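Below, chain A is the first sequence line, B the second, and so on; all start at residue 1. The shown structure was predicted, so the numbers you read here are calculated from the model rather than taken from an experiment.
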Number of protein chains: 2
Amino acid sequence: MNKTQSRILDAAKEQFIRNGLDGTSMQNIADAAAINKSLLHYYFRSKEKLFDAVFNFALQRFIPQIHGIMVSDESFFSRIKMVVSEYINMLDENPFIPMFILHEIHRNPQRPADLLIQSGLDPALTFKNLIREDEKNLIRPIDPIHLMVNIISLCVFPYAASPLINRIMFNNNQDNISKFREERKEEITRFIINAIKIC
Amino acid sequence: MNKTQSRILDAAKEQFIRNGLDGTSMQNIADAAAINKSLLHYYFRSKEKLFDAVFNFALQRFIPQIHGIMVSDESFFSRIKMVVSEYINMLDENPFIPMFILHEIHRNPQRPADLLIQSGLDPALTFKNLIREDEKNLIRPIDPIHLMVNIISLCVFPYAASPLINRIMFNNNQDNISKFREERKEEITRFIINAIKIC
DNA sequence: GTCTATATTGTGATAGAC
DNA sequence: GTCTATCACAATATAGAC
């Protein structure tokens, strides 16, 4: 991977992730990379191939993170805390990835989901391991799939909806927005644990 | 509003909401409405104006729903139940609206949020009224904005992410997907109430 | 009001000089 | 490897016949 190629990839990531497949032209990418349009085809053959490279990058960063933690040996509540913490950290570094992925899976639902499954992610194993037998007396009865969806919803949605939340909830006040973001990790963790632990 | 005009609007709603602004061409809309391309411009002047009409429709259906319930006189737990119920019902009827709105606010964050504020939605009032003084002894201390974001996240995100959830969680098995959808309303309500009530 | 025809610009992609 | 020039096509939009 030479210098030009990686500059193209960086520019493509920025453009595709911010503006989607349809919202990005090859000219946009070439301009952002400060190179000629033809070089995009020289290195990546077509817009679709270039997009695939970016999409795989985003998907791999976004989804499998949670899987490794969930199948680990840690206690249930530790795993909840770790998953939320890891996810929020990653989202703070890549706040546009949720919208990018959500939008593109709506345009083409089959391929991205297949890619994930192929990459070694095993949902059945994750759910079977989510609430272990010896921990069931600490936890209210809950379907592990609903729990998983709840956790991901609470982590991811605020990033996908951030322009609306920032305006409606905080009138775009940057201090209040930052405060909200910093509180969020602990807030979600407590919310989930209160929702499922027997007290 | 004559017959042609409303057929254009219906077709535009379907196309724009499913495929977004960039993903929809005037030709797509004309084909879906079974009329000529020029008539779109005759009735709506430009693609942008036509899109605005559709976007306002979606936004008004999607957001203010929750506001009316939240400022009502019902008890706290009743309001939670009602909001979740109303939201899920509306989402079942309009499952593509979340992605449509989320995507377009990312492309143009300012205007849609402004539209909402102008339409009489008053977030400050909503939050002040969310947890009333006389109800605070029933509820764990929680920031009303975090609570509000949590509720909306739990309701909306599964619809935005449905192609991925359906594949990864249910291997696209339609029976399991339907079962999950039907359980969801009660599941969310219980999850929220457990998270915040003092027991 | 509805159509055909067309103007104009932008798109992804390729050929070929260097 | 990198550029210019150019292709074929699709996009939004408009002019003008009926």
Side-chain angles (χ1 to χ4, degrees), chain A residues 1-58 96 99-100 103-108 110-112, chain B residues 1-58 96 99-100 103-108 110-112:
Chain A
M1 170 102 69
N2 71 27
K3 199 177 158 188
T4 303
Q5 193 172 2
S6 71
R7 264 175 54 192
I8 292 173
L9 252 182
D10 287 344
K13 279 178 196 169
E14 187 179 322
Q15 296 295 313
F16 278 137
I17 288 175
R18 273 196 141 79
N19 303 320
L21 175 60
D22 293 322
T24 301
S25 70
M26 295 296 260
Q27 190 65 61
N28 293 148
I29 298 169
D31 291 348
I35 50 111
N36 193 279
K37 216 174 43 163
S38 309
L39 284 180
L40 302 181
H41 291 95
Y42 177 78
Y43 282 105
F44 292 92
R45 224 178 68 101
S46 71
K47 183 184 182 182
E48 200 189 342
K49 301 259 183 220
L50 181 52
F51 178 81
D52 281 351
V54 174
F55 191 80
N56 287 344
F57 162 83
F96 289 98
M99 264 317 296
F100 174 64
H103 184 247
E104 302 307 336
I105 60 176
H106 270 260
R107 307 224 59 227
N108 185 350
Q110 206 48 47
R111 189 179 41 115
Chain B
M1 172 104 69
N2 69 27
K3 199 177 158 187
T4 303
Q5 193 172 2
S6 71
R7 264 175 55 192
I8 292 174
L9 254 182
D10 286 344
K13 277 178 198 169
E14 186 178 322
Q15 296 296 312
F16 278 137
I17 289 176
R18 273 196 144 78
N19 303 320
L21 174 60
D22 294 321
T24 302
S25 71
M26 295 295 260
Q27 190 64 61
N28 294 151
I29 297 170
D31 291 348
I35 49 112
N36 193 277
K37 220 173 37 165
S38 309
L39 285 179
L40 303 180
H41 291 96
Y42 176 78
Y43 281 104
F44 292 93
R45 223 179 69 101
S46 71
K47 183 183 181 182
E48 201 190 342
K49 302 260 184 220
L50 179 53
F51 178 80
D52 281 352
V54 174
F55 191 80
N56 288 344
F57 162 82
F96 290 99
M99 264 318 294
F100 174 65
H103 183 247
E104 301 309 334
I105 60 176
H106 269 262
R107 307 220 62 224
N108 185 351
Q110 205 48 46
R111 190 178 42 114

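Listed by residue number, the members of residues 10-30 of chain B with any heavy atom below 4.0 angstrom from DNA chain D are B:T24, B:S25, B:M26. For the segment residues 36-44 of chain B, residues with any heavy atom less than 4.0 angstrom from an atom of DNA chain D are, sorted by number, B:K37, B:S38, B:H41.
Pairs of residues two or more places apart, or lying in two chains, never qualify as ring pair (Phe, Tyr, Trp, His ring centres under 6.0 Å) while including a residue from residues 20-47 of chain B. Among pairs with a residue in residues 23-50 of chain B, none fulfils salt bridge (charged side-chain N to carboxylate O under 4.0 Å, His left out), at least two apart in sequence or across chains.
A search for side-chain hydrogen bond (donor to acceptor under 3.5 Å, both in side chains) contacts involving A:S25 returns A:N28, not counting sequence neighbours. Residues satisfying the side-chain hydrogen bond (donor to acceptor under 3.5 Å, both in side chains) test with A:N19, not counting sequence neighbours, are none. In this structure A:F96 satisfies the side-chain contact (heavy atoms from CB on, under 4.5 Å) test together with A:I17, A:R18, B:H106, sequence neighbours excluded. Under the salt bridge (Lys or Arg N to Asp or Glu O under 4.0 Å) criterion, B:D10 pairs with no residue, sequence neighbours left out. Considering only residues two or more places apart in sequence or on other chains, B:D22 meets the side-chain hydrogen bond (donor to acceptor under 3.5 Å, both in side chains) condition with B:R107. Considering only residues two or more places apart in sequence or on other chains, B:N36 meets the side-chain contact (heavy atoms from CB on, under 4.5 Å) condition with B:S38. By the side-chain hydrogen bond (donor to acceptor under 3.5 Å, both in side chains) test, B:H103 pairs with A:H103, sequence neighbours left out.
Where DNA chain C meets chain A (any atom under 4.0 Å from a heavy atom), the bounding nucleotides read 5' to 3' are C:dT11 to C:dA15.
Nearest-nucleotide positions on DNA chain C for A:R45 and B:A34 put B:A34 closer to the 5' end.
If you take NZ of A:K47 and P of D:dA10, they are 15 Å apart, rounded to a whole angstrom.
You'll find the side chain of A:L9 reaches within 4.5 Å of the side chain of A:M1, heavy atoms only.
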